[in-house]
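Just so you know, these numbers come straight off a predicted model, no measurement behind them. In what follows, chains carry the letters A, B, and so on, assigned in the order in which the sequence lines appear, proteins first and then strands, with residues in each chain numbered from 1.
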Amino acid sequence: MNFSNLLTSLVDGLLIGVVYGIAAMGLNLIWGVMRVINLAHGVIIALGMFGVYLFFSTLGLNPYLALLLVAVLGLLLGVLIYFIVIARVINAPYLSTLLATFSINMIILGLGTAAFTTTPRDSGFSLGNVDLGPLTLQGTRLVAALVTILVTGALYYFLYRTRPGKYIRAVANNRAAAELMGIPSDRILALSFGIGTMLAAIAGGLIATFFSFTILSGDIYQQKSFVIGVLGGLGNPLGALLGGLILGVLEGILPLAMPNTWVPVIEFLLFIIILLVKPSGLLGGRQ
Amino acid sequence: MTLILQVQAVTKRFGGLQALTKVTFDLAQGQVLGLIGPNGAGKTTLFNVINGVYTPEEGRILFLGKDVTGKKSYELAKMGMARTHQIVRPLKELTVRENVIVGACYGHENHDLISAAKIADEVLSFVGISARADQLAGSLNVAQKKRLEMARALAARPKLLLLDEVLAGLTPSEIDGMVKTVLSIRDQGVSIVMIEHVMKAIMNVSDRLFVLDYGQQIAEGGPEEVVHNPKVIEAYLGDPQMAQKLMEEG
Amino acid sequence: MRKIWLNPGFWLVLAIVVALGAWPIFQQDAAARETGFTVLLAIVMASSLNIVMGYTGYVSFGHVVFYGIGGYIGMYFIDSLGLPLPVAVLFGGLSSALLAFLLGKAILRLRGAYFALATIGVNEAARTFVANFQPFGAATGIELQFSVYKAYGGALQALWLVYYGVVGIAIFSVIFSYYIKTSKFGLGLMTIREDEDAAEVIGIVTPNAKTWAYVLSAILPGMLGVLFFFKNGNVEPGDAFRLGFSIESLVMIMLGGQGTVLGPVLGALGYQRLRGTLLTSDLMIGSLPLKDFQLVISGFLMLLIILFIPSGLVGWLRQRFATLRRVLA
């Protein structure tokens, strides 16, 4: 193993890690605001993949333009899911929300399988390679990481500098108090759920520019989102980016030291250990 | 006179907040201690510390002469301590009788289901909700839930009973009924610590009063003596309604 | 608390399971037996998970881990050590129980959704670990030699033998489930479900009670795992630790009614029948066969139940008709 290999693995890991990070950010935002674990997250990631893929391969749209459309559709889908399903179970025991989101997962997965089958798809899109000194990086991954950072910045700005964003944080902090202050919590919750699914769709769309996928691929990324979410602190959207970076580095470096198939074992063990030792995440305060 | 409970210089902090500061008192066998103080004085926190829900940072708690500091709630229950909660916690999806059976089964006498059922029926008629025995606990009204909470604690046949605001939210006639119940529990030899805001009732029931303010003990003694203590009146002045009541009732 | 054998609810649930199990035996029909396998497996998985989820209130997404680990240990004993099936089944159950004990000590400290998440992690950790574990054949798993079945009078005879075992375990599982529900231990579990902090104050040693509930829920899936993989002749990580199987068990419990004895049985039966009907249907929707929509229809039904009858069929009947409480356990 030489230094350049190590460096390439490390940077590749970081680039993919941030993309995983925004998927997890969506999951974390939803958990943080409404204490719902969205088990339909993975399938929405997969929808994002298909969205970019279909716009690109059938309409010939530039994938990054397609990503914009996918983001808007992701937001709308989330708001729709919120009003049809989540709003009715949000005050029920957490089992109801888990199973409700899981049934949404089943429905979308079933429709998706009927429509797209489970044959692997590949966008075939490429931006060539970029050479940076000893490093050779895939252009699509580089752009994906840049897009992720832009999206994170925008989310940060939205949550901390705009009125609806502040409302979201207020509702996350204390829904009853926010309602007393006149914040329309139902609409804010719908918006939060929508942003959560939008982030999932964006992550999926970006992944589709460099990996092949099927409608079932969402599962893997959903589980990565759980791991990242717990690493960064459940309910902490920005911590998810850090969690994504950590997971990315692990996925970049660990295969150099052990067979690839051991990597998920380490990831899931890490996940359980952090849940047990510090469920508020590596960045989180006291539990 | 044997001491059933000794609280010695107990201090409890939450982060930077000092919830209890060097709280010290004793409770003799068969006595009723009334615990009063303005809202946020640390009364329920003190119960939680005595009851093993929280571990104090400093100080010791002795129950039946044994050091029980840091013991878990269930260990204390097995030694004969029982409590009610300020906000009642009925086991909603179980029947009223089952709620009380749980108390008898898992208390220090460790009954099986059959003998626990007998005790449950006795206790339910003692607190006066026998007629509701087969209803789900979630369907009771507030006063009935308070009685259920009391029945569940009593079914354990405790040596020490901690009552957290069992009178709050009750009508005057319900209060009279509950006061009688508390007195007859004491007559059975159970020692009681009781948090209460209804001054008239607690003055009637308590052998001694203990006053907390901002986590500090500011007075202790016979009921008459304590309510005329200037420090106590001053503490309650932050709460004008309470002070008014103290003046009228004292 | 009446004696079990005086309660009509007990006999009702027992009669249903005995009838389901006996039907293929009287028919002596292979297709009926395969249906019986699927339905009885579902009943045992749902009933045992119900001890943790319905009685104790801890939602586990990792129930299939016990099925998988038990199955792997049993298959390993049969394949590598040449132990007879009944011994392997016993060891399968014991090893699942041991795993549940150790896991329980660790993750049952977590509450609510954190516990649920941890069980997903446990499931995935177990699956990916076994896929790398050489003694268990890593990713390819363990495959039995055909000659193994000779000791049981050939493959056909062995299938029936396994079936009797599964029927026995299914019958035992409902008796067990009923017994726990009406015991002092079960009352303690339900107290934890209703209010865990209050349960501690009342005197229930909650860490122990929860761990035992977890252990008791793990034994039967572990035994069944051995029987099913023995019947199939092989075991692979993907089959042994299929997360979807855990979730299907949750769905069956929700369908029938959590916390009841009859609910998981009816839920398992209903879910498997529905799934079977959809998968073998010849109906077409446009140019696509109806069976392609099995997942959609199941998901949609489940959503309707969660939104409109969250207490499940048995729970709903009990609420609606108070007199049925005596009969529907």
ask   = Measuring heavy-atom distances to chain C, does A:Leu275 have an atom under 4.5 Å in its side chain, in its backbone, in both, or in neither?
value = both

message = Report which part of C:Ala131 has an atom under 4.5 Å of a heavy atom belonging to chain A: side chain, backbone, both, or neither.
response = neither

inquiry  = Please tell me whether C:Gln272 and C:Thr38 have a donor and an acceptor in their side chains that are separated by less than 3.5 angstrom.
reply    = no

ask   = Can you tell which of C:Gly121, C:Ala139, C:Ser298, C:Pro310 has the highest number of heavy-atom pairs within less than 4.5 Å of chain A?
value = C:Gly121

key: Any residue of residues 113-120 of chain A which, by heavy atoms, sits under 4.5 Å from chain C   = A:Ala114

Under 3.5 Å donor-acceptor pairs involving side-chain atoms of residues 257-264 of chain C, not counting sequence neighbours:
from     : atom 1 : to       : atom 2 : distance (Å)
C:Thr260 : OG1    : C:Gly257 : O      : 2.9
C:Thr260 : OG1    : C:Gly263 : N      : 2.9

Per-residue contacts, residues 102-110 of chain C versus chain A, heavy atoms under 4.5 Å = C:Ala106, C:Ile107, C:Arg109, C:Leu110

query = Quick one: does C:Ser96's side chain have a donor or acceptor within less than 3.5 Å of a partner on C:Phe66's backbone?
reply = yes

Distance flag, aromatic centroids of A:Phe213 and A:Phe50, threshold under 6.0 Å = yes

task = May I ask you to decide if C:Leu189's main-chain N or O and C:Thr56's side chain share a donor-acceptor pair within less than 3.5 Å?
result = no

note = Most heavy-atom pairs under 4.5 Å with chain A, out of C:Ile297, C:Val122, C:Asn123, belong to C:Val122

task = Keeping the roles fixed (side chain from C:Arg193, backbone from C:Gly54), state whether a donor-acceptor pair exists under 3.5 Å.
result = yes

message = Counting only non-hydrogen atoms closer than 4.5 Å, does C:Phe61 touch chain A with its backbone (N, CA, C, O), its side chain (CB onward), both, or neither?
response = side chain

message = What residues of residues 245-253 of chain C make heavy-atom contacts with chain A at a cutoff under 4.5 angstrom?
response = C:Ile247, C:Leu250

inquiry  = Quick check on the 6.0 Å ring-centre criterion: do C:Tyr76 and C:Tyr72 meet it?
reply    = no

ask   = Tell me, side chain or backbone of A:Leu109 under 4.5 Å from chain C's heavy atoms, or both, or neither?
value = both

query = Under a 4.5 Å heavy-atom cut-off, does chain A meet the side chain of C:Ala126, its backbone, both or neither?
reply = neither

inquiry  = Between A:Val227 and chain C, with a heavy-atom cut-off of 4.5 Å, which part of the residue counts as in contact: side chain, backbone, both or neither?
reply    = neither

